[in-house]
Amino acid sequence: METRVFASFMALEPFLMIIRECKPLRSEDINLMLYHLIPVLRKMVKTQNDSEMVAKFLADFSQES
């Protein structure tokens, strides 16, 4: 899946919700997903609220893997 395509037309919050719903189950797959996803998320951040949403999203994933 090319996340940059979806990130180009989706708002951050729904984008994060979909990623949560479709997240991989294995920690190796989660790590690979995050490796590709983090640069995309950084580019999507426009406000302090966006930054906080991304930080929480990443913290939630780091607790699971």
Original post:
Considering all heavy atoms of both residues, which atom of L34 and which atom of P39 are nearest to each other, and what is their separation?
Top reply: O-CD, 4.5 Å
Original post:
Same cluster or not: are I38 and L32 linked, directly or through other Ile, Leu, Val, Met, Phe, Trp or Tyr residues, by side-chain heavy atoms under 4.5 angstrom apart?
Top reply: no
**OP:** Measure the CZ-CG distance between R20 and L16 for me, rounded to the nearest 0.5 Å.
**Re:** 5.5 Å
Original post:
Nearest heavy-atom pair of K46 and K43: which atoms, and what distance?
Top reply: NZ-O, 3.1 Å
**OP:** Check A7 against V40 and note the closest heavy-atom contact, atom names and distance.
**Re:** CB-CG1, 3.5 Å
Subject >> From OG (S8) to CE (M44), nearest 0.5 Å >> reply: 8.5 Å
Original post:
What are the two closest non-hydrogen atoms of I18 and M10, and how far apart are they?
Top reply: CD1-CE, 3.4 Å
**OP:** Determine, using the 4.5 Å side-chain heavy-atom cutoff (strictly less than), whether L25 and M17 are members of one ILVMFWY cluster.
**Re:** no
Subject >> Minimum heavy-atom distance L12-L41, with the two atoms named >> reply: CD1-CD2, 4.1 Å
**OP:** Check step by step if side chain to side chain contact (heavy atoms under 4.5 Å, CB included) holds for F57 and L37.
**Re:** CA-CA 11 Å; F57 174 84; L37 187 61; 3.8 Å; yes
Subject >> Spacing of D50 atom CG and R42 atom CZ [to the nearest 0.5 Å] >> reply: 15.0 Å
Original post:
At their closest point, which heavy atom of I19 faces which heavy atom of M33, and how far apart are they?
Top reply: CG2-SD, 4.0 Å
**OP:** Using a cut-off of 6.0 Å, state whether more than 12 heavy atoms not belonging to E13 lie near its atom CD.
**Re:** no
Original post:
Hey, is OH on Y35 packed in by over 12 heavy atoms from elsewhere, all under 6.0 Å?
Top reply: no
Original post:
Does the pair N31 and E28 meet the rule for a side chain to side chain contact (heavy atoms under 4.5 Å, CB included), with working shown?
Top reply: CA-CA 5 Å; N31 291 336; E28 298 86 8; 5.6 Å; no
